[in-house]
*Asks:* 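Below is a structure I'd like to ask you about.
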Amino acid sequence: MSDAAAPPAVSNFLREIVSRDMAEGKHKAVVTRFPPEPNGYLHIGHAKAICINFNIAQEFGGHCNLRFDDTNPAKEEQEYIDAIQADVRWLGFDWGKNLFYASDYFETLYEWAEHLIRNGDAYIDDQSAEETRLNRGTLTEPGKPSPFRDRSVDENLDLFRRMRAGEFPNGARVLRAKIDMAAGNINLRDPVLYRIIHTHHPRTGTSWCIYPNYDFAHGQSDALEHVTHSLCSLEYEDHKPLYDWLLAHLPVPSHPKQYEFARLNMTYTLLSKRHLTRLVQGKHVSGWDDPRMPTLAGLRRRGVPAPALVDFVKRVGVARANSVVDIAMFDACVREMLNKTASRYMGVLRPLKVVIENYPEGAGEDLEAVNNPEDPGAGSRKVPFSRELYIEQDDFMEEPPKKFFRLSPGAEVRLRYAYFVTCREAVKNAAGEVVELRCTYDPASKGGNSPDGRKVKATLHWVSAAHAKTAEVRLYNPLFTRPDPASAEDPISELNPNSLEVIEAKVEPALADAVVGTPVQFERLGYFCRDQDAGLVFNRTVGLRDTYAKA
RNA sequence: UGGGGGAUCGUCUAACGGUAGGACCGCGGACUCUGACUCCGCUAGUCUAGGUUCGAAUCCUAGUCCCCCAGCCA
C-alpha cells in the first residue's frame with residue numbers, strides 16, 4: 001500500500017509502542033486485528049480503526065486480521081458480515097486469508113471456561129439479571145457476593161454442561177469469573193463470562209445456546225490468532241485488567257497486549273451504531289447507504305473516494321485524548337482528492353434562461369472544453385452552444401452590490417469556453433421575477449478570449465437549452481442541526497429538516513453517459529457523482545469552497 | 001465522595017529536559033477562462049498555582065476541568 005514516495009507516517013504513541021517492541025525483539029512480526037461485531041454497517045469511525053490496525057501491521061511487516069466478534073446472535077446478521085467485508089475492501093485493505101470469527105473459537109472457549117471452573121476461578125450463578133445488578137454494588141460501594149459463589153467445582157461443571165445442553169431458559173443462569181466483588185474496577189466484580197441465548201446464530205446456527213460475551217471472547221481470540229498488539233478504543237481501558245486476568249488464568253498460546261486510543265468524533269455527525277440503526281429503522285434516511293449517513297456505504301454512494309477517507313484518518317492522527325474533529329477537515333480531504341481526479345462538466349442547478357439575441361436562430365456549434373485543468377492527460381470534449389442557454393440564477397442580479405462580478409444589466413461576462421456576453425435586458429413575469437435574460441455576444445471572443453485584450457471579471461458556467469439533459473440532483477446537508485448531536489437528549493429530534501434537497505437541474509449532454517459512482521465536478525459548484533438510482537440522478541459529494549458566498 | 005483515563009493555536013495533532021511545528025478553519029494578497037485550484041503572508045496555543053533545573057509542554061507537588069465504568073451489549 002505504501003511506497004518509497006509515500007510521506008513518512010505521522011508520529012503517534014501507538015507506532016512508538018510497536019516500534020519499541022520490535023526494537024526489543026519482542027515479536028517477529030506485528031499482528032493486529034480489526035474486530036467488528038456484525039450488527040450494523042461500518043462508519044467513518046471504524047475507518048479510523050481499520051486504518052490504524054492495517055497500517056501499523058503493514059508498516060512493521062506483519063498483518064492485520066479481520067475478525068468478526070460474533071458473540072451475540074441476538075443482534076448479528078449475515079447481511080452485516082457481507083457489508084463489512086465489502087467496506088473494508090473498498091477502503092483498500094486486504095486481510096488475505098486472515099479472516100476469522102470469534103464463533104470459530106466457541107469450542108475452545110467452552111473448554112477454557114471449564115478450565116476456569118476446574119481451577120475454582122469461575123462459577124455458575126443462578127441470580128436473575130436484576131439480582132446480579134443489585135448485588136454488583138455501586139461506583140462507591142463494594143458488591144455483595146452471590147449466594148452461589150461458593151458452589152463446588154463438580155456442581156459448577158454439571159450446571160455449565162447442562163447450560164450448554166440447553167436445559168435452561170434464557171437468563172436462568174450465567175457463568176461468572178470469581179475475582180473480587182469489592183474491586184474498584186467494576187469489571188472485576190465477578191464478571192459474567194457466558195450467558196444463555198436460545199437464538200439462531202448466523203454462522204453456528206443452533207449448535208450453541210450459550211455464548212461467551214465480549215470479555216471472554218476477545219482476549220482469547222486475540223491470543224489464538226497470536227495478535228501482538230490489540231488496539232482498541234478508550235472505553236475498553238477498564239476491561240484491560242480483566243483481559244489480562246483471563247489470559248493469565250487460561251492455557252492460551254500467546255499473550256497479546258491491549259492498547260487504547262480515542263475514537264473518532266466529528267462535528268454534525270453521529271457515530272453511534274445504536275443511533276444510526278435508529279435512523280435506518282425509523283426511515284429517517286433511505287438506508288444504511290443513504291448519502292447523508294456517515295457509514296462507509298453512505299459516503300461511497302455520496303461519491304467520497306476511499307483514498308480521501310484514508311487521508312483524512314491520517315491527518316486526524318491518533319491520541320488518547322477525546323476530541324471532535326471539524327467536519328471541514330473531512331471536506332478538505334475530499335476536495336483535495338477530487339480536485340485532482342474529477343473530470344469537469346457544466347451543469348446548471350437553478351436554471352435561468354438566456355437568449356443571445358444576435359446569435360442566429362437555429363444555429364449551433366460545438367466548443368472545445370478542457371476535461372480537467374489539473375490533469376492534462378484527461379483531454380477535452382465538445383460542448384454544444386446555441387442561441388438559448390441556461391445560466392445559474394445566482395449568476396444574475398438586477399441590482400448588483402459592489403463586489404458582484406457576474407451578470408447584471410449592461411455587464412459583460414464570459415461564458416466558459418464560449419463567448420463574452422453582455423446583458424441587455426432582464427425579462428420579468430407578472431410577479432416581478434426575472435425569468436429570462438436578453439443578451440448579446442461578441443463573435444470575436446469565441447473560445448473565451450477577446451482579440452482586443454478586453455478582460456472580464458467573471459466566467460459563468462452554462463448549458464445549451466436545446467441540448468441540455470434534465471437531471472435530478474440531490475444536495476446533501478448535515479443530518480443534524482447541532483454540531484454535537486451525540487450530546488442531545490434525543491439526537492433524532494435534532495435532525496436537520498433540510499438535510500436533503502432535491503432539485504431538477506440542466507446538465508451538459510456528455511453527463512448523460514456519466515458512470516455511476518465516478519466523481520465529476522460541476523464547474524463552479526462542486527463535486528458530484530451519478531447515483532445508482534434509475535434515470536439521470538446526481539449526488540453532491542461536496543461543494544467547492546466559495547469565498548464569495550462567505551463575504 | 002470508588003476505579004480508570006485525559007488536558008498544546010478556534011479544531012485535530014507534533015515535541016520525549018534544549019528555537020512550541022504541521023494540517024484544517026479564518027483573515028489578507030498574488031494568480032486565474034471555475035470567486036475553484038495553486039502560491040505567498042497573517043492571526044492564534046502549552047488548564048491553574050507552586051517547585052526542581054542554566055533551561056520545563058515535558059520532571060515533582062497541589063489544584064481545576066473533561067471523558068469512561070454499576071449490560072446476562074460490544
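None of the values given here were measured: they were computed from a predicted structure. Side-chain atoms are counted along with the backbone in the values below, which use heavy atoms only and exclude waters and symmetry mates. The chains referred to below are lettered A, B, ... by the order of the sequence lines, with proteins before strands, and numbering in each begins at 1.
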*Asks:* Which of the following nucleotides, B:rC72, B:rA36, B:rC69, is nearest to the side chain of A:Arg136?
*Replies:*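 Nearest nucleotide to the side chain: B:rC72.
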*Asks:* What does A:Leu234 touch in the nucleic acid at a heavy-atom separation under 4.0 angstrom: a base, only the sugar-phosphate, or nothing?
*Replies:*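 No contact.
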*Asks:* Quick check with a 6.0 Å cut-off and a 45 degree axis cone: is A:Arg164 positioned over the face of A:Tyr110's six-membered ring?
*Replies:*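 Pair A:Arg164/A:Tyr110 counts as cation-pi.
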*Asks:* Quick test of the criterion, 5.5 Å between centres and less than 30° between planes. Is A:Tyr214 stacked on B:rA74 or not?
*Replies:*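 Here A:Tyr214 fails the 5.5 Å or the 30° condition.
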*Asks:* With the threshold set at 4.0 Å, does a side-chain nitrogen-carboxylate oxygen contact exist between A:Asp121 and A:Lys178?
*Replies:*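 No, this pair does not count.
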*Asks:* According to salt bridge (Lys or Arg N to Asp or Glu O under 4.0 Å), who are the partners of A:Arg406, at least two apart in sequence or on a separate chain?
*Replies:*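 Salt bridge (Lys or Arg N to Asp or Glu O under 4.0 Å) list for A:Arg406, sorted by chain: A:Asp395.
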*Asks:* Assign A:Asn213 to base, sugar-phosphate, or nothing according to its heavy-atom contacts below 4.0 angstrom with the strands shown.
*Replies:*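 Sugar-phosphate contact only - A:Asn213 comes under 4.0 Å of backbone atoms but never of a base.
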*Asks:* Does A:Asn39 reach a base, just sugar-phosphate, or nothing at all? Heavy atoms under 4.0 Å.
*Replies:*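 Since no nucleic acid heavy atom lies under 4.0 Å of A:Asn39, the category is nothing.
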*Asks:* Provide the Watson-Crick or G-U wobble partner of B:rC47, both distances under 3.5 Å; none if there is no partner.
*Replies:*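 Matched B:rC47 with B:rG63 under the 3.5 Å cut-off.
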*Asks:* Rounded to whole angstrom, note down the P distance from B:rU61 over to B:rC66.
*Replies:*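 It works out to 23 Å between them.
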*Asks:* What's the gap between B:rC42 and B:rC47 when it is taken at their C1' atoms, as a whole Å value?
*Replies:*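 Here B:rC42 and B:rC47 have their C1' atoms 27 Å from each other.
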*Asks:* Given B:rU13, B:rC12, B:rC67, which nucleotide is nearest the side-chain atoms of A:Met329?
*Replies:*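 In terms of side-chain proximity for A:Met329, the closest of B:rU13, B:rC12, B:rC67 is B:rC12.
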*Asks:* NA contact type, A:Val370, heavy-atom cut-off 4.0 Å: base, sugar-phosphate, or nothing?
*Replies:*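 Nothing, no nucleic acid heavy atom in range.
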*Asks:* Return the residues of residues 163-175 of chain A meeting this criterion: a heavy atom under 4.0 Å from some atom of RNA chain B. Order them by number, or give none.
*Replies:*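 Here the set is A:Gly171, A:Val174.
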*Asks:* Please confirm whether A:Arg203 makes a cation-pi placement over A:Tyr101, using NZ or CZ under 6.0 Å from the six-membered ring centre and within 45° of the ring normal.
*Replies:*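 Here A:Arg203 passes the 6.0 Å and 45° test against A:Tyr101.
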*Asks:* Counting only side-chain nitrogens and oxygens, does A:Arg545 get under 4.0 Å of the OP1 or OP2 atom of B:rC37?
*Replies:*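 For B:rC37, OP1 or OP2 has a side-chain N or O of A:Arg545 closer than 4.0 Å.
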